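Structure first, then comments.
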Amino acid sequence: MKPTELKAEWRTVHGAEPPRIAASLLARALAHDLQCAAQGGLAERVRVRLLGAGVARTASAPKLTPGTQLVREWGGTSHHVLMEEKGRCSYKGKSFTSLSAVARHITGAHWSGSRFFGVKP
């Protein structure tokens with residue numbers, strides 16, 4: 001199938017926009033969906049092993065209240081971030097939508113903001 005046909009098929013099967021991935025991966029995901037529909041999906045023991053059913057999941061990072069200051073040393077420099085209202089952050093006088101956006105700004109790479117700043121669940 002052409003990429004446009006794959007995307008249309010994804011919308012039909014899932015009722016949502018397709019993820020932004022390569023057409024070859026989209027084709028594999030759709031093939032997997034067809035195989036699961038035809039053969040009943042994964043065996044329960046495999047599903048439990050893959051998904052870790054019954055295993056406690058870690059909690060998400062705690063909500064940081066406005067006024068909380070986070071400090072991280074990176075590249076020989078201390079970086080100070082001040083938490084604002086509605087999860088926004090202030091860094092060097094500029095407002096960011098999230099800690100991840102600040103971490104990306106500092107490092108130039110994608111980071112989980114809570115992981116970069118050491119915020120533990």
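This structure is a prediction, so every number in the text was calculated from the model and none was measured. Numbers here simply count residues along the sequence, with the first being 1.
More than 12 heavy atoms of other shown residues, nucleotides or ligands fall within 6.0 angstrom of atom CD in Gln69. Within a 6.0 Å radius of CZ in Arg115, no more than 12 heavy atoms belonging to other residues, nucleotides or ligands are found.
Counting all heavy atoms, side chain and backbone alike, Cys89 lies closest to Ser98 at SG-C, 3.6 Å.
With sequence neighbours excluded, the residues forming a side-chain hydrogen bond (donor to acceptor under 3.5 Å, both in side chains) with Ser112 are Ser114, listed by chain and number.
Annotation: the span from Leu82 atom CG to Lys92 atom NZ amounts to 15.0 Å, rounded to 0.5 Å. Rounding to the nearest 0.5 Å places CG of Leu30 at 5.5 Å from NE2 of His14. Atoms NZ and OG1, from Lys86 and Thr97 in turn, are 14.0 Å apart once rounded to the nearest 0.5 Å.
Below 30°, between 30° and 60°, or above 60°: for Trp111 and Phe116 the angle between ring planes is above 60°, a perpendicular geometry.
With a 4.5 Å cut-off on side-chain heavy atoms, Val81 and Phe96 do not count as touching. Looking at Trp74 and Thr107, their side chains come closer than 4.5 Å, going by heavy atoms from C-beta outward. Looking only at side-chain heavy atoms (C-beta outward), Met83 and Pro66 stay at 4.5 Å or farther from each other.
Sorted pairs that involve residues 19-34 and meet salt bridge (charged side-chain N to carboxylate O under 4.0 Å, His left out), not counting sequence neighbours, are lacking altogether.
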